[in-house]
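On a predicted model such as this, the values are computed, not experimentally measured, just so you know. Whatever order the structure lists ligands and atoms in, that order sets their numbers, starting from 1.
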Amino acid sequence: VVDTVGLVREHVGAARAKGRSIALVPTMGALHAGHLSLIEAARSRDAYTVVSIFVNPTQFGPNEDLAAYPNTLEADIDACRRAGVELVFAPSVAEMYPAFDQTRVHPGLLADTMCGVSRPGHFVGVCTVVAKLLNIVQPDFAVFGQKDAQQALIIRRMVADLFMPVEIVVAPIVREADGLAMSSRNAYLAPQERAQAKCLHRALKAGAAALSAGTMDESTLRAVMRAEIAETLGESEADERIDYLVAVDAETLQSIARDTPQVLLAGAIRFGQARLIDNLLVDPPGRAG
Ligand code: PAF
């Protein structure tokens with residue numbers, strides 16, 4: 001476990017000198033089975049696996065849960081050890097953002113929708129810290145989760161636009177038995193909220209069924225998904241708690257058209273303190289594979 005850029009470079013340099021390829025799994029800690037699947041994706045390629053654990057302040061808005069974000073560093077380190085991670089990088093804020101740190105990476109259009117609307121500046125913080133981590137570790141590949149579909153797309157775009165020499169691997173969503181996507185924020189849910197939270201995945205599945213049956217109209221798909229949420233939460237609660245429900249082009253996050261190759265159905269809903277997100281990728285009929 002190291003906490004400085006210099007020590008990361010030493011360890012990674014030694015692994016590279018032995019001919020290992022290098023993988024980075026960036027996390028904010030509070031590791032769960034979803035993170036372990038990202039680590040497994042790195043380990044399955046026999047890479048020297050670096051996990052970063054850093055609760056990045058620049059991606060939290062002033063009224064968000066930065067101060068309350070779960071801190072389980074010792075348990076996270078244990079989980080990494082058991083999962084065969086070779087190096088954990090757990091830096092301080094001062095290490096990642098030294099005095100007079102100025103530069104920020106602005107992702108542009110892909111960040112102007114979905115989570116970017118209710119979390120202004122969030123993806124600037126994400127891109128900035130991911131660019132720093134990629135430059136510190138200089139991995140051959142980095143693994144992100146499909147659960148944060150918009151984040152994964154934005155990072156792919158950043159790496160392409162800035163000619164960063166790294167492969168971005170996106171690993172599938174890991175779900176609880178009732179379909180709820182695993183998230184560190186699930187820990188905030190009270191029992192009743194936890195029971196209700198599965199309605200988000202159900203809504204996405206209803207949208208996927210309508211899409212597979214030939215509905216390529218965004219507002220109809222949104223209405224189908226909203227109806228599922230309203231069945232669990234009631235009409236007015238649904239409107240109050242739904243942050244967004246969208247059916248968009250999976251590559252551009254723009255409106256869908258008849259010839260859109262793949263659709264991203266995605267949603268964000270507030271349950272108490274937690275804001276949960278989830279998504280499904282769907283190939284419209286006749287375009288699978
Ligand atoms: O997905 C996350 O946990 C964070 O946004 C990331 C990629 C580790 C950057 O802080």
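- Expressed to the nearest 0.5 Å, how far CG of Asp217 lies from CZ of Arg258 amounts to 8.5 Å.
- Scanning Pro26, Gly29, Ala30, Gly145 for the heavy atom closest to atom 8 (C) of ligand 1 points to Pro26.
- The ring pair (Phe, Tyr, Trp, His ring centres under 6.0 Å) analysis of residues 68-91, with sequence neighbours excluded, yields the pairs Phe60-Tyr69.
- Salt-bridge annotation for Asp278 and Arg175: present, with a side-chain N of the basic residue lying under 4.0 Å from a carboxylate O of the acidic one.
- Formation of a donor-acceptor pair under 3.5 Å by the Asp3 side chain with backbone atoms of Ala90 is not found in this model.
- Set against the non-hydrogen atoms of Val129, the atoms of ligand 1 under 4.0 Å away are 9 (C), 10 (O).
- Interface of Gln151 with ligand 1, defined as ligand atoms under 4.0 Å from a residue heavy atom, comprises 1 (O), 2 (C), 4 (C), 5 (O), 7 (C).
- When atom types are taken as modelled, the side chain of Asp249 and the backbone of Gln254 share no donor-acceptor pair closer than 3.5 angstrom.
- With a 4.0 Å cut-off on non-hydrogen atoms, Ile155 does not touch ligand 1 at all.
- Those atoms of ligand 1 with a heavy atom of Thr27 less than 4.0 angstrom away are 8 (C).
- Selection from Lys147, Met28, His122 by nearest heavy atom to atom 3 (O) of ligand 1 gives Met28.
- Inspection of the Thr58 and Arg104 side chains reveals no N or O donor paired with an N or O acceptor under 3.5 Å.
- The distance criterion of under 3.5 Å between nitrogen or oxygen atoms is met by Gln59 with respect to ligand 1.
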